[in-house]
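Quick notes on the structure that follows.
A note on names: the letters A, B, ... follow the listed sequences, proteins ahead of strands, and every chain is numbered from 1.
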Protein chains: 2
Amino acid sequence: MANKPVTADRCDCEVIHDDVVNEVRRKMPKEETLYDLAETFKVFGDSTRIRILWALDESEMCVCDIASLLNMTQSAISHQLRVLKQAKLVKNRREGKVVYYSLDDEHVRLIIDQGMAHINEG
Amino acid sequence: MANKPVTADRCDCEVIHDDVVNEVRRKMPKEETLYDLAETFKVFGDSTRIRILWALDESEMCVCDIASLLNMTQSAISHQLRVLKQAKLVKNRREGKVVYYSLDDEHVRLIIDQGMAHINEG
DNA sequence: CAGTTATATGAGTAAATATTCATATGTTTG
DNA sequence: CAAACATATGAATATTTACTCATATAACTG
């Protein structure tokens, strides 16, 4: 009954460091958690949405303001705002016909700042 | 010669708050900067890459280790490591046949931590 | 209530991309 | 040098997705 290596089915090479792999595996968060984390970053990973977030960090704005600022259609902006809202990165309030959007969370700014720090150092 | 509104060509609605739009436009970083920022977040926005980054935050690992840990093919991992390297998120060193990867930058951890903070509060 | 304006949304399309498969490169070992 | 192994990479494919277009919803205005 030899100590069977933990080589995974799909991995077409031999495990080099079982101890490291097992230790890291033990500490890894749930797959679902990391999936959610990736989904969050995916929302930041589009230049239209990043520009919207940046703009909303400066000031609350309505959909039309944002469309004008970015020189894009109202529809395109509205679709992206929906994505941002589902990710809980922005919130909105209605005032008559006009819907104002703003950042939902102080994390948004922190995340953007860290990203900026990375590209400025690179 | 009336003061022509700044309504953008592609925006199919009227600007509501010219003052806000102009002020935000003035403060916006260069389009290229925000594009680069989005490109960086895009790299974090894939669960395979996030899992790789998380693993490398625990320990330096070779390609085969990572493939085994994530139960994915060596090829798939290698392709993603290339993306991570181009984004300067990971670095590598060769030791004989084996190539070891590790995080390139302390920002990586900070960015992931901020992302985690967001999903944990949401 | 009819018209106008602001926003939202469903369907379709074009572009981006993650993985697979086959194969190439690079290094060690016999 | 030949065989073996770790890694890299090009091409093909399937999926995702950002935007457009048409239209719906919602609220104000006369």
- For the pair made of CD1 in B:Ile77 and C1' in D:dT9, what is the distance, rounded to whole Å? 15 Å
- Item | Rounded distance in Å - CE (A:Met72) to P (C:dT7) | 15 Å
- Query: Does C:dT20 have OP1 or OP2 sitting under 4.0 Å from an N or O in the side chain of B:Thr73?
  - Reply: yes
- Message: With a 4.0 Å limit, can you tell me whether A:Tyr101 has a side-chain N or O closer than that to the phosphate oxygens OP1/OP2 of C:dA6?
- Response: no
- Is_stacked (B:His79, D:dT9) at 5.5 Å, 30 deg: yes
- Task: Could you grab the distance from atom CD1 of B:Ile52 to atom CG of B:Leu70, nearest 0.5 Å is fine?
- Result: 6.0 Å
- Query: Between atom OH in A:Tyr100 and atom P in C:dA6, what is the gap in whole Å?
  - Reply: 11 Å
- Message: Whether A:Arg82 contacts C:dT7 is assessed here as follows: a side-chain N or O lying under 4.0 Å from the phosphate OP1 or OP2. Is that the case?
- Response: no
- Note on the structure: Picking from D:dT9, D:dA6, D:dC19, the nucleotide nearest the side-chain atoms of B:Lys97 would be D:dA6
- Given D:dT20, C:dT9, C:dA8, the nucleotide with the shortest approach to the side chain of A:Gln74: C:dA8
- Query: Between C:dA18 atom P and B:Asn71 atom CG, what is the distance in whole Å?
  - Reply: 19 Å
- Query: What is the distance, rounded to the nearest whole Å, between atom CD of A:Gln80 and atom P of C:dT9?
  - Reply: 14 Å
- Task: Could you list by number each residue of residues 37-47 of chain B showing a heavy-atom separation from DNA chain C of less than 4.0 Å, or answer none if no residue does?
- Result: B:Lys42, B:Asp46
- A:Leu89 side chain near B:His118 side chain, heavy-atom distance below 4.5 Å: yes
- Message: So, taking the atom named CZ in A:Phe44 and the one named CD1 in A:Ile111, what distance separates them when rounded to the nearest 0.5 Å?
- Response: 4.0 Å
- Note on the structure: Against the side chain of B:Ser75, the closest entry in D:dC28, C:dC21, C:dT7 is C:dC21
- Note on the structure: Taking D:dC19, D:dT7, C:dT7 as options, the one with an atom nearest any side-chain atom of A:Thr48 is D:dC19
- Query: A:Ile16 near the nucleic acid: base, sugar-phosphate alone, or nothing, with a heavy-atom cut-off under 4.0 Å?
  - Reply: sugar-phosphate
- Note on the structure: Taken to the nearest whole Å, CG/A:Asn92 to P/C:dA8 is 7 Å
- Below 4.0 angstrom from OP1 or OP2 of C:dA6, is there any side-chain N or O of A:Arg94? no
- Query: Taking atom OH of B:Tyr100 as the centre, does the number of heavy atoms from other residues, nucleotides or ligands within less than 6.0 Å exceed 12?
  - Reply: yes
- Task: State whether B:Asp104 and B:Lys88 are salt-bridged, where the test is any N-O pair (Lys NZ or Arg NE/NH1/NH2 against Asp/Glu carboxylate O) under 4.0 Å.
- Result: no
- Message: Check A:Arg26 with A:Glu23, please: is the shortest side-chain N to carboxylate O separation under 4.0 Å?
- Response: yes
- Side chain of A:Ser78 only, please: which of D:dC19, D:dA18, C:dT9 is the nearest? C:dT9
- Query: Is there side-chain contact between B:Leu53 and B:Arg109, with heavy atoms separated by less than 4.5 Å?
  - Reply: no
- Item | Working for salt bridge (charged side-chain N to carboxylate O under 4.0 Å, His left out), residues A:Lys42 and A:Glu39 | CA-CA 5 Å; A:Lys42 196 174 289 183; A:Glu39 288 301 301; 3.1 Å; yes
- In whole angstrom, what separates A:Leu81's CG from C:dT9's P? 11 Å
- Whole angstrom value for the distance that separates C1' of C:dT7 from CD1 of A:Ile52: 14 Å
